[in-house]
Protein chains: 2
Amino acid sequence: MPKIVNRDERRREIAEALLRVIANAGIEAVSVRSVAAEAGISAGAVQKYFATKEDLLRFAFTLTGEYLLQRWERVEGSGPFLDVLRRHLLEALPLDEQRRAELIVVFAFTARAATLPDWAAQLRDSYDAAQVTTTAFLEAGQDSGDVRTDVPADRLADLVIVLADGFSARMLHTPPGSPAHERLLDTLDLALTDLLAPR
Amino acid sequence: MPKIVNRDERRREIAEALLRVIANAGIEAVSVRSVAAEAGISAGAVQKYFATKEDLLRFAFTLTGEYLLQRWERVEGSGPFLDVLRRHLLEALPLDEQRRAELIVVFAFTARAATLPDWAAQLRDSYDAAQVTTTAFLEAGQDSGDVRTDVPADRLADLVIVLADGFSARMLHTPPGSPAHERLLDTLDLALTDLLAPR
DNA sequence: GACTTCGGAATACATCTGTATCTTATCCGC
DNA sequence: GCGGATAAGATACAGATGTATTCCGAAGTC
């Protein structure tokens with residue numbers, strides 16, 4: 001009978017190689033051959049798992065979304081409400097090489113989504129999901145008296161998501177350890193308390 | 001003697017064609033030939049003005065920065081302080097097709113800067129310039145009593161820039177005229193007053 | 001009016017691209 | 001151990017790409 005391989009596992013390995021290529025050399029450097037080389041297999045093997053380059057890119061795109069969700073599941077959920085929220089937000093920032101690499105990929109894919117309608121739809125779905133869960137989270141904070149109630153939770157969720165996008169974009173181009181980097185982290189705390197704390 | 005042509009003007013025309021290609025079909029669709037077709041000239045002519053594709057991309061990159069500065073110069077500078085600031089911020093958002101196209105380009109270039117060191121340096125310079133002018137502007141607001149003084153102006157400038165990046169990213173993927181779009185504009189006002197107004 | 005000089009176009013060429021096809025190697029059930 | 005199914009690799013191929021080179025035409029000066 002045939003040689004047995006874990007097909008899903010293999011697809012993930014190849015997609016992760018693709019993400020490494022983007023993180024190292026940009027999305028322009030992505031080709032079937034470059035990804036195969038990064039994965040340590042032949043270009044022909046890649047074709048066995050992804051019929052087209054577009055399939056491969058799409059699969060990797062959804063993969064990045066799952067990564068962030070997985071990290072969020074591991075975040076410590078106890079302690080003061082705003083601290084918990086802050087920890088979730090920090091998970092989305094490029095504070096180490098791993099997250100920096102992921103963010104480069106997300107940026108490349110976001111730019112791609114700006115001109116490809118089906119990619120845009122997928123990105124919109126991700127935003128909607130983030131909006132729903134963030135709103136629910138903030139409503140809980142309102143109920144427990146940790147979050148201001150003079151503004152609807154969905155507006156506050158907008159703010160949190162915007163802050164995440166804005167700070168990650170800015171910090172992606174600010175060397176970690178630099179004064180500007182530290183200042184931005186401080187500023188994030190300032191924004192969170194000023195915008196969300198009861199007044 | 002030779003045929004006379006405005007060389008700088010011609011270079012700008014070609015670069016603008018490049019920007020249109022990106023806005024319509026993404027940076028992956030950029031090739032010497034596609035840009036030449038968009039500009040209505042031959043590929044050979046493009047080579048006369050830009051020795052390499054990289055030169056062309058670089059020139060267009062700096063061009064986008066200048067566009068935003070030019071729009072800012074035309075912003076009405078009278079009226080309440082926060083309104084003036086708000087008008088400047090709105091200029092960076094994708095509120096019409098023109099600005100939406102520019103933002104797609106900026107996103108593509110930002111992603112590119114994540115892996116090309118010299119592009120990153122140029123982008124950092126732009127951020128630094130924005131930081132300096134925004135800080136000066138906010139300091140003036142502090143002096144006139146229109147901006148809170150319990151936080152240094154440079155922190156507030158961080159916030160304004162982060163909000164600009166965050167909202168533009170989010171609105172790029174939110175159809176204009178949709179409820180979410182309107183809500184985001186409202187939320188921006190909320191953030192500006194809550195973060196900047198004297199308390 | 002011929003000549004020179006450069007803009008613009010066309011062509012050439014080596015390389016890279018995605019994808020299709022073909023060949024070899026590997027593993028499992030019998 | 002061996003046959004057959006399937007993974008992995010190699011090869012093929014048409015098209016696109018960046019860039020170098022060549023050719024043509026127009027414009028202004030002598």
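Everything numeric here is computed off the predicted structure, so don't read it as measured data. Residue numbers start from 1 in every chain, and the chains themselves are labelled A, B, ... in the order their sequence lines are given, proteins ahead of strands.
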(Q) Over all strands shown, is B/Phe50 touching base, sugar-phosphate only, or nothing at heavy-atom distances under 4.0 angstrom? (A) nothing
Q.
Applying ring-ring contact (aromatic ring centres under 6.0 Å, His included), can you list everything that pairs with B/Phe167, at least two apart in sequence or on another chain?
A. none
Q. What's the closest nucleotide to the A/Arg7 side chain, out of C/dG8, D/dA8, D/dA7?
A. D/dA7
Q) Does any pair with a residue in residues 114-131 of chain B pass salt bridge (charged side-chain N to carboxylate O under 4.0 Å, His left out), and if so which ones, sequence neighbours excluded? A) B/Arg58-B/Asp118
Q. Short question: side chain of A/Asn24, backbone of A/Arg20 - any donor-acceptor pair under 3.5 Å?
A. yes
Q: Kindly write out the residues that satisfy side-chain contact (heavy atoms from CB on, under 4.5 Å) with B/Ser78, not counting sequence neighbours, or none if the list is empty.
A: B/Glu76
(Q) It should be established whether A/Arg10 places a side-chain nitrogen or oxygen under 4.0 Å from OP1 or OP2 of nucleotide D/dA7. (A) no
**Q.** Presence of B/Tyr49 side-chain N/O under 4.0 Å of C/dG7 phosphate oxygens OP1/OP2
**A.** no
Q) Which residues, if any, of residues 17-40 of chain A bring a heavy atom under 4.0 Å of DNA chain D? A) A/Arg33
Q: Could I get the full list of side-chain hydrogen bond (donor to acceptor under 3.5 Å, both in side chains) partners for A/Ser42, not counting sequence neighbours?
A: none
Q.
Just to verify, what does A/Arg112 make a side-chain hydrogen bond (donor to acceptor under 3.5 Å, both in side chains) with, not counting sequence neighbours?
A. A/Glu54, B/Glu28
Polar pairs (N or O, both sides) under 3.5 Å between protein and nucleotides 20-24 of chain D?
residue: D/dA20; atom: N7; partner: B/Gln47; partner atom: NE2; Å: 3.1
residue: D/dA20; atom: N6; partner: B/Gln47; partner atom: OE1; Å: 3.0

Q) When you measure from every atom of DNA chain C, which of residues 52-59 of chain B have a heavy atom less than 4.0 Å away? A) none
(Q) Which label fits B/Phe137 and B/His88: parallel for a plane angle under 30°, tilted from 30 to 60°, or perpendicular past 60°? (A) tilted
Q) Considering residues at least two apart in sequence or located in another chain, which fulfil the salt bridge (charged side-chain N to carboxylate O under 4.0 Å, His left out) criterion with B/Arg33? A) none
Q | Residues in salt bridge (charged side-chain N to carboxylate O under 4.0 Å, His left out) contact with A/Glu102, at least two apart in sequence or another chain | A | A/Arg71
Q) When Ile, Leu, Val, Met, Phe, Trp and Tyr are grouped by side-chain heavy atoms lying under 4.5 Å apart, directly or through other members, which residues fall in the same group as B/Val75? A) B/Leu68, B/Leu69, B/Trp72
Q) Pairs in or reaching into residues 187-199 of chain A: which pass side chain to side chain donor-acceptor pair (under 3.5 Å), with residues at least two apart or in two chains? A) A/Arg86-A/Asp189, A/Thr187-B/Asp158, A/Asp194-B/Arg148
(Q) Distance check needed: C/dG7 P versus B/Asp8 CG, whole Å only. (A) 13 Å
